[in-house]
Structure formats: C-alpha cells, structure tokens
Amino acid sequence: MINDKIIIKNAQENNLKNIDLELPKNKLIIITGVSGSGKSSLAFDVIYNEGRRRYVDSLSNYARQFLGGTAKPAVDSIEGLSPAIAIDQKTTSNNPRSTVGTITEIYDFYRLLFARIGIPYCPNHNIQISSQTITQIINQIYNWKENSKLQIFAPLVSEKKGTFKKEISELKKEGFLRIRVNDEILHLDQIKELSAHKKYTIDILIDRVILNIENRSRIYESLSLATKYADGLVSVENLTEKTEELYSLKLGCKHGDFSMPKIEPKLFSFNSPLGACSKCNGLGFIQQVTWEKMVDPEKTILEGGIKYFGDKLSGLTWEKFVTLFKEYDIPLNKKLKDFSEEEQKIILEGSDKPISYKITSKSHTIRKYDYIEGLATMIERLNLETTSDFARSYYKQFFATSICDKCKGSRLNEHTLAIKINHKNIYDVTTLSIEEANKWISGLHLSEQELKIVSLVISEIKSRFNFLINVGLSYLTLNRMANTLSGGESQRIRLASQLGSKLTGVIYVLDEPSIGLHQRDNERLINTLKEIRDLGNTVIVVEHDEEMMLESDYLIDIGPDAGIYGGKVVAFGKPIEVAKKDTHTGNFLSGKDQILIPNKRRKIKFQNYLEIYGAKANNLKNINVKIPLKQFVVISGVSGSGKSTLVNEIIYKRIHNLISHGNHFDVPGECSAIKGTENIDKIVRVSQDPIGKTPRSNPVTYTGVFTDIRELFANTNDAKIKGFNSGRFSFNVKGGRCEKCQGDGILKIPMHFLPDVYVKCDECNGKRYNEETLQIRFKEKNIADILDMSVEEANQFFKNQPKISRKLKYLKDVGLDYIKLGHSSTLLSGGEAQRVKLATHLQKKATGKTLYILDEPTTGLHHHDIKKLLDVLNQIVDQGDSILIIEHNLDVIKVADYIIDLGPEGGVKGGKIVAKGTPEEIIKSKESATGKYLKYILK
C-alpha cells in the first residue's frame with residue numbers, strides 16, 4: 001500500500017546516484033554511511049525539502065512570500081510523502097537575546113506566573129510594597145536638588161499600536177497643550193496622524209515647573225491631576241539632573257524610596273523597555289574598555305605599553321595624562337603587568353578630585369582646574385561621539401565584553417527583580433537547572449485562590465520540564481544563551497517541544513541528535529524518538545551511533561565511500577540484515593572492522609604538563625587539573641559536567657591570551673592560576689565552524705594550496721608571454737575572473753514569493769574565469785579543470801610538484817580524498833570543515849610545544865572516518881605535540897593515553913573530577929559513568 005511507504009524514484013541531488021528507495025512509514029529509520037556519502041542529501045535535500053516544498057506550494061502567494069520557497073530537489077518523484085519537519089544542527093539562534101527559556105517558551109509562562117501571583121518587595125528595605133500617597137511622592141521629589149527643572153507627565157499609553165485619534169481629541173477638549181510621543185514633546189495641534197502599525201508610548205505633559213518651596217502646592221496639584229488621567233501613575237522628569245522617575249499610588253515602599261509600575265507580563269521581558277535593564281538594554285552584558293585590551297603588559301608606559309598612545313608620547317591628551325600620572329605618583333618606567341588595581345583604576349577611570357593642569361597649543365598655554373577623565377572614560381565617550389566608521393573600528397580594539405555591572409547579568413531592571421514568589425525573583429528561577437526548577441515549581445505553596453489562577457500555567461511549565469529531562473537536558477538552565485548550545489543540545493530542545501506538540505502523521509528529519517550526549521543518556525534519547533514514532537509519525541535520523549542504529553526499525557547505508565565514490569544505497573533493511581553486508585557500516589556492526597585498543601600505551605610523563613588551579617567558572621567546583629603534555633588526552637564526562645568550560649573557557653582562552661602578548665584578548669573562565677604554560681608556544685583550536693562564509697571559499701584556498709597552484713600557472717610560458725601574474729588566476733579579484741558572476745560560477749535570480757533560482761553563469765559556463773584566463777594551461781588542464789578535480793585526482797596530477805602534492809596529501813590523510821578542490825566551503829559538513837583545518841595545521845612543522853584542542857571531533861563522522869582521524873591525531877602526538885579532546889565516543893576514549901572524567905552529573909551536580917588516569921584505571925572507578933560503559937569495550 002502506498003500509504004504505508006515513502007517511495008523515492010531516481011534521486012540525483014548532489015552526489016546521489018539515481019537512487020530508488022522505499023521507506024516504511026511510522027518507523028524509526030536511521031540513514032548512515034561515511035562522511036560525505038550523501039546521507040544528508042537524501043534525508044534533508046530530498047525528503048525534507050520536497051515535503052516542505054509541497055506544503056508551502058499549497059499556500060497562497062501572499063503567504064509564500066513570507067515563508068520563502070524551496071527549490072524542487074533533483075528527484076523524479078516521491079510518493080506517500082507527508083508534511084515534514086526538520087530538526088537539524090544549524091538552527092541554533094545566534095541572537096544574544098535568545099535563551100533556553102525563550103526558545104522553549106517556558107520563560108513566557110514564567111512571565112505570566114510572576115505577573116499574576118508575584119509579590120513586589122522593596123529592594124532597599126526588603127519589605128512588601130504597598131501603595132503610595134501624593135504626599136509621599138512629593139516628599140521624594142523634594143529630596144532632589146533645589147531649583148531643578150521638572151516636567152510632570154501622566155503615562156497614557158505604553159508600547160501599544162494604534163492611531164489614538166480619540167484619545168488625542170479628548171485631550172484637546174480637556175485643554176491640554178502637549179504630549180510626549182516616544183520621547184518627543186509634540187504640540188497637540190501639530191500632531192500628524194499616527195501609524196496604526198507602529199508602537200507608541202504616549203505621556204500627557206501636565207506641567208513644567210521649577211522645584212522650590214513656592215511651587216509645592218502647584219506640584220501637588222499637577223501630581224494629583226496626572227494620577228487622575230493615568231490610573232494612579234505619574235512620571236516626573238528632572239531635566240537638570242537628567243533623570244526620570246515613575247511613581248504609583250498603587251504600589252510603593254512605605255519609606256517612600258521605591259515605587260512599582262503596573263505589574264503585567266511585559267514587565268518581566270528583557271526584550272521590552274518596560275523590563276529590560278537600562279544600561280545593557282536587556283542583553284546582560286556590556287562592551288567596555290578594559291585594562292587587558294588597553295595595554296601590553298610586558299612594556300612600560302614610556303616604552304609604548306599603553307596602546308592608545310603607543311610610542312607617540314606627545315600632544316594635548318598626553319600632556320593631560322602626564323599631569324594625572326604625576327598627581328597620583330604613577331611610575332612611567334614600571335612594567336604595566338606590575339601595576340596595582342588602584343593604579344589601573346586611575347588610568348582607566350581618571351581622577352577622583354579636580355587637578356590643576358595646563359594645555360599648550362601653538363599660540364598659547366591654557367591652565368585648567370578640573371577632573372581628568374581616564375582612558376576608558378575618554379575612549380568610550382569618543383566612540384559614542386564619532387560619526388566615522390574608521391574611528392569606531394579603531395576604538396573597538398580596546399573594548400571587551402563583560403557582565404553588566406548594573407543588573408549583574410540578569411538583563412532585567414530593579415522593578416522586575418523586586419517581584420518574588422517564595423522569595424525568588426524570575427531571574428533566580430532561571431538560574432536553576434531544569435531539574436531544580438522542576439522541583440521548585442512542584443513545591444510551591446500557594447493559596448487556594450492563587451492555585452486557581454495559575455494551575456494551568458504551572459501544568460504547562462511542568463510538562464515542558466519533563467520533556468527536556470527525558471531528552472537528557474536536565475542540567476541546562478533557562479538563562480543559558482542559545483548561541484552557547486551545542487548542535488545536539490539545540491536539536492534535543494526542539495525535539496522536546498515537538499514531543500509536547502503531539503502531532504501525528506508527520507515526517508521528522510533529524511541530524512545526529514546524539515551529538516554531545518553521553519552514552520548514559522543515549523537510551524533516554526532513543527526512547528524519546530520512539531515515543532514520537534508511536535504517536536503515528538515517521539522519524540528519519542542521520543546518525544552514526546551504534547546503539548541508535550541497532551535500536552532502529554529500518555537502517556539505510558549510503559556509500560560505498562564518500563563524494564564521487566558514494567551516493568548509492570549499499571545496504572538496507574533491519575539492522576541485523578545490514579550487519580551481514582560487506583560495507584563499512586555492516587563490518588562495523590558485525591565487529592569485523594574495529595578500532596583496536598593500542599597494544600602498548602604511551603607512558604604518562606608529568607615532566608611536561610599543564611596544571612590548572614582553582615577552576616570555578618560556571619559549574620566547576622574549584623578543581624585542580626593536571627594535564628600531561630605530548631600525550632593524547634581526553635576530557636570526558638556526562639553532558640553538562642563542565643568539559644567545555646574547562647577546556648574552551650579556561651585552558652584555551654587563558655593560554656591564547658598569554659601567547660598573543662596582549663594582541664588578542666578573550667575574557668577567560670575563572671581560575672586561581674595556570675602553570676606549565678612555558679611548555680606551550682602555540683595553541684590551536686580545531687573547531688567544526690565553517691572555513692569560510694562565501695561560496696568562493698573552498699578547501700584549497702583555506703589550506704593555501706591554491707596560492708601554489710596559481711603561481712604554477714603564472715610561471716607557464718603562455719602566462720609569461722601575456723604578462724599574467726598569479727593574481728590573474730584568482731576568482732576573488734578582478735582581472736582573470738568572470739565579471740558577470742564575479743567568480744562564483746552561478747547567478748542568483750530572485751523570484752519574489754518563489755524560491756530564488758540559481759543558474760549556471762551563461763558567460764563562463766560555470767567555470768568562474770574569463771576566456772583569456774582559461775586559455776592558459778598546465779599539462780593540458782586550465783585552472784577551472786584543476787578546481788573540478790578531486791583531492792585524489794589532483795594528488796596524482798601534481799605528483800611531480802612536491803610543494804603542492806605535500807599539502808594535498810594531508811587532505812587525503814584526513815579522509816578528504818573525495819572532495820573537489822573547488823568545493824564551496826558553505827557546503828562542507830562540520831566534520832569535513834574540521835578535517836580541512838587539521839590538514840592545514842599538519843602542513844606546519846611540529847614544534848613539540850603545540851597544543852591542539854578539539855571539541856567532539858567525531859561529530860558527523862562514521863566509524864570508518866574516525867579510524868582515519870585517530871591516525872592523524874596519533875601522528876601529531878608521535879611528532880611531539882599535544883592533543884586535548886572533549887569527547888563522548890568510546891572508541892576515541894579507549895585509545896587515549898590519559899583520561900580526565902568530570903561529573904558525577906551535569907549542571908550544579910557536576911564540575912568535579914570523578915576519575916583520572918589511563919582507560920584501564922578509569923574503568924575501576926565506581927563514580928565514573930564513562931568508566932561504567934568503557935568497561936564493556938575494554939574487555
């Protein structure tokens with residue numbers, strides 16, 4: 001029956017070789033195969049894209065222009081296709097305002113919960129807030145500086161859409177003259193019609209008055225009038241002191257020093273002006289000038305250690321700072337790394353008292369007596385004042401990101417944080433792990449009335465918590481920024497939300513959801529996928545995990561190899577049937593092909609080592625970690641145990657800052673000290689981030705091979721005769737490239753509500769270069785022919801060119817022999833991008849003092865590819881350099897020289913070292929979850 005199957009006929013997308021395939025519906029289907037074999041092309045580019053395209057095409061033209069279309073994949077037909085939902089690794093938001101709480105929508109329910117039953121407390125006296133009187137408000141105002149200029153407003157509208165014709169007309173009748181619309185004072189007779197689609201904040205200007213004793217009665221009357229028109233609210237702006245305070249007759253501290261606006265869900269949003277911190281605008285962090293960015297610690301001031309001045313110690317600004325240095329006895333010949341915190345503060349923030357100084361110009365000398373602003377204050381001011389992009393780019397080098405000192409990273413203002421439930425404000429609750437937050441909300445003691453109001457809200461929150469716990473994310477906090485999540489964490493969050501939606505009859509397509517998941521939590525993920533299947537859905541997963549393959553209903557193996565050597569279905573059926581086939585996957589499942597345990601492990605020597613003391617960033621529990629160098633070291637542990645914090649935030653950033661000698665600075669994770677850095681002169685982090693952001697970037701441009709190839713073409717006789725240099729053979733600059741497509745080889749044609757169409761450039765026929773450039777040949781091949789070669793083909797072609805063949809060999813060694821030299825970087829998988837970077841670093845001569853850091857390098861790699869990767873990593877160690885890897889894959893862990901296992905759990909229950917040593921020593925630990933699973937494969 002067609003209703004029981006998805007029937008694919010002649011799929012040719014990317015490297016797929018005319019695939020015909022039948023997939024059973026309502027099953028858990030795993031698509032596997034070596035990296036680059038065509039798995040994602042089949043799952044996402046064919047099945048998902050066609051399902052999405054059919055759904056979007058069923059909508060009106062008006063709706064399609066907002067959704068964006070999808071081009072029809074290269075497939076003759078797909079029958080039995082249902083609507084499709086993709087949950088891939090590339091959907092993690094880079095918006096700094098996006099958090100786990102917002103993307104799961106739990107934060108929206110929190111806002112509603114706190115708005116309905118939250119109790120406001122005065123932050124100054126920690127007492128419950130009650131309503132204020134006009135007398136209390138006027139007493140607070142008279143604490144301001146005498147003769148201040150005041151403007152008294154009645155808040156009428158806050159962040160709402162509309163034309164407000166009726167309200168404005170009523171105000172005219174009442175005799176009011178002016179209103180404030182979005183911070184602009186307007187005369188009522190001059191107001192043009194407001195847009196119905198724009199949000200407005202409108203305040204009635206009640207009075208403009210000088211703050212003195214004579215005007216007390218007038219101010220009292222104005223306040224009373226404002227509260228009458230604004231439902232108990234009044235806003236008073238002090239033009240002299242440039243401040244504005246909102247007061248309420250309904251909510252205010254009895255001591256008269258704190259008042260609350262109207263409590264509504266919008267007040268708890270850090271994306272709304274009502275709730276956001278005024279300093280960081282709801283981001284939780286600010287950009288400010290820092291000491292580390294400003295100075296070269298190894299130099300003195302006279303040697304140019306302050307980067308803003310450098311060695312040009314002259315000019316009006318320098319003269320002012322010389323006066324500052326003399327006033328506070330700041331030495332000019334002491335290394336900046338030895339400056340005390342007090343000395344640093346004076347240089348950055350300036351004087352805390354007026355100082356007499358002189359400024360000499362060409363014509364005369366001016367003597368002044370005033371405060372001298374510090375370097376940080378001055379640069380931050382200049383950055384705001386300048387209109388020059390060049391100047392702003394120059395000032396940017398002195399800025400670093402730091403936690404907002406006003407809201408302490410909470411993103412919210414004092415009014416929002418003053419509202420509590422069971423002595424916790426909304427930020428306190430978002431800092432709890434999901435497991436702890438679930439306990440908190442389950443343990444709330446509410447009155448019968450409160451329970452009646454929020455019972456449905458609590459039920460929705462608990463339901464979402466349970467889904468997140470079921471997919472192994474109990475350690476996450478709701479305030480965790482979305483852009484810090486791994487691809488696997490992001491997928492599992494979306495997976496949890498889909499589970500909550502309880503849709504049926506849908507095709508779910510996932511891309512390696514097991515990424516970042518410890519073996520211990522794998523079972524829960526598999527059960528979640530089966531639960532979605534049992535609702536009546538088809539679940540298609542691109543995956544390499546052995547346990548997930550064995551638990552699937554149907555397994556499809558794409559191969560036999562990668563790139564041009566792949567794109568075929570080499571095996572399909574139940575896992576037990578695939579295991580009998582002579583394919584890379586079949587041999588792996590049957591045990592014929594294994595990653596062998598080393599016969600003899602490298603001897604651990606602590607003569608060369610890194611030692612981290614007092615690591616306590618994020619959830620790390622003030623731990624001391626000793627890492628042997630010139631070894632293959634793995635940092636393991638359950639998800640959320642602190643691995644990435646230790647390796648990426650502390651070790652990498654601290655050593656990178658040290659080695660760059662102040663030329664680069666990232667705020668590192670907190671630790672007391674780090675020793676052994678003299679054993680490292682270079683640190684390389686090999687991530688899975690793309691190697692380029694444009695289609696023109698490719699493996700040969702990134703590795704530098706293309707420079708050598710272009711020089712080879714430039715040295716041919718024909719090129720010399722025509723005067724072509726190596727730049728002529730670059731598709732990134734004018735001259736040799738095709739100008740119609742600007743070296744892309746394709747043209748993008750916008751189609752409004754239909755998907756954009758990409759067509760081969762009709763001028764260069766997709767070759768990227770103009771005709772004159774293509775006439776130059778080396779061994780009968782032009783430059784476009786070279787870019788169309790695979791690494792394997794090019795390695796043979798250039799075998800007599802040692803400089804080129806050596807670099808290509810490294811690409812082959814890391815298992816990328818199948819990719820074409822001109823393959824666009826935007827089309828490389830994360831695993832492929834990582835291996836291109838490895839190949840680039842392998843070209844450089846081993847120093848014996850290089851530390852390579854890799855974060856889950858097995859992501860996207862088949863067992864067959866992992867073997868190749870391990871060969872390369874062991875080659876690095878054998879040459880005398882050091883490898884430090886974060887990893888969950890047991891095949892990688894079992895071959896490591898030394899393991900540091902963190903845990904015992906994730907989040908607040910993690911951050912400790914539960915075991916360390918060789919794999920044989922780890923399996924003896926009763927506390928180590930890694931050791932428990934490692935034990936089975938070491939036997």
Side-chain angles (χ1 to χ4, degrees), residues 59-68 93 95-99 101-103 105-116 118 151-174 176-206 225-237 244-248 250-251 260-278 280-283 411-413 415-416 419 426 457 460 753:
L59 304 175
S60 67
N61 290 346
Y62 179 77
R64 273 187 277 165
Q65 69 180 329
F66 298 108
L67 289 173
S93 172
N95 188 338
R97 295 184 178 276
S98 184
T99 66
T102 59
I103 59 181
E105 298 179 350
I106 293 173
Y107 193 74
D108 295 323
F109 288 103
Y110 267 169
R111 293 196 292 120
L112 189 58
L113 180 72
F114 275 82
R116 296 297 171 254
Q151 290 191 134
I152 299 173
F153 295 99
L156 187 66
V157 173
S158 176
E159 285 284 301
K160 289 184 179 178
K161 291 181 180 179
T163 60
F164 305 105
K165 283 183 180 179
K166 183 179 178 183
E167 289 83 352
I168 291 171
S169 177
E170 288 293 328
L171 292 176
K172 287 181 181 178
K173 290 177 184 177
E174 294 286 344
F176 291 104
L177 297 176
R178 295 176 179 85
I179 61 173
R180 182 172 63 178
V181 180
N182 292 351
D183 296 326
E184 183 181 359
I185 303 289
L186 301 174
H187 199 285
L188 284 171
D189 292 329
Q190 298 174 342
I191 292 178
K192 297 178 181 178
E193 186 172 333
L194 301 179
S195 170
H197 303 292
K198 188 177 177 181
K199 288 184 177 180
Y200 293 100
T201 295
I202 301 175
D203 305 307
I204 309 167
L205 179 57
I206 301 295
L225 184 62
T227 56
K228 175 184 172 184
Y229 279 90
D231 193 25
L233 293 176
V234 59
S235 185
V236 183
E237 183 181 17
E244 184 168 349
E245 292 291 333
L246 179 68
Y247 301 98
S248 171
K250 296 180 178 179
L251 289 170
M260 286 289 298
K262 183 180 179 182
I263 299 177
E264 53 183 325
K266 197 181 291 185
L267 180 65
F268 298 90
S269 172
F270 44 76
N271 293 321
S272 164
L274 293 177
C277 166
S278 58
C280 65
N281 295 316
L283 288 172
R411 302 168 175 250
L412 301 163
N413 61 39
H415 297 109
T416 306
I419 301 166
I426 194 167
V457 176
E460 287 289 342
F753 56 81

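Basis for what follows: all heavy atoms, side chains included, without hydrogens, waters or symmetry-related copies. Since this is a predicted model, take the numbers as computed values, not measurements.
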Query raised in the report: How would you list, by chain and number, every residue that makes a ring pair (Phe, Tyr, Trp, His ring centres under 6.0 Å) with Phe270, sequence neighbours excluded?
Result: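 Phe270: ring pair (Phe, Tyr, Trp, His ring centres under 6.0 Å) contacts with Tyr107.
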Requested in this report: Under the ring pair (Phe, Tyr, Trp, His ring centres under 6.0 Å) rule, collect the residues that match up with Tyr229, sequence neighbours excluded.
Outcome: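 Residues passing ring pair (Phe, Tyr, Trp, His ring centres under 6.0 Å) with Tyr229: Phe176.
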Query raised in the report: Distance from Asn271 atom CG to Thr102 atom OG1, nearest 0.5 Å?
Result: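 Separation between the atoms: 7.5 Å.
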Query raised in the report: So how far is it from Glu105 CD to Ile103 CD1, rounded to the nearest 0.5 Å?
Result: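 One gets 10.5 Å once the value is rounded to the nearest 0.5 Å.
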Query raised in the report: Which atom pair, heavy atoms only, marks the closest approach of Pro261 to Leu246?
Result: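 Heavy-atom minimum between the residues: CB-CD2, 3.5 Å.
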Query raised in the report: Looking only at heavy atoms, which two atoms of Tyr200 and Val157 are closest? And how far apart?
Result: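 Shortest heavy-atom contact: O-CG1, 3.4 Å.
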Heavy-atom side-chain contact between [X] and [Y] under 4.5 Å:
X	Y	result
Phe153	Ile179	no
Ser235	Asp203	no
Asn182	Lys198	yes

Report task. May I have the step-by-step check of side chain to side chain contact (heavy atoms under 4.5 Å, CB included) for Leu283 and Arg97, ending in yes or no? Result -> CA-CA 6 Å; Leu283 288 172; Arg97 295 184 178 276; 3.9 Å; yes
Requested in this report: Kindly indicate, with the supporting measurements, whether the criterion side chain to side chain contact (heavy atoms under 4.5 Å, CB included) is fulfilled by Val234 and Ile206.
Outcome: CA-CA 10 Å; Val234 59; Ile206 301 295; over 6 Å; no
Query raised in the report: Should the pair Glu167-Lys160 be classified as a salt bridge under the 4.0 Å nitrogen-to-oxygen rule?
Result: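 Lys160 and Glu167: not salt-bridged.
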Requested in this report: Apply side chain to side chain contact (heavy atoms under 4.5 Å, CB included) to Leu205 and Gln151, showing your working.
Outcome: CA-CA 7 Å; Leu205 179 57; Gln151 290 191 134; 4.1 Å; yes
Report task. Could you go through the side chain to side chain contact (heavy atoms under 4.5 Å, CB included) check for Tyr110 and Val457 one step at a time? Result -> CA-CA 8 Å; Tyr110 267 169; Val457 176; over 6 Å; no
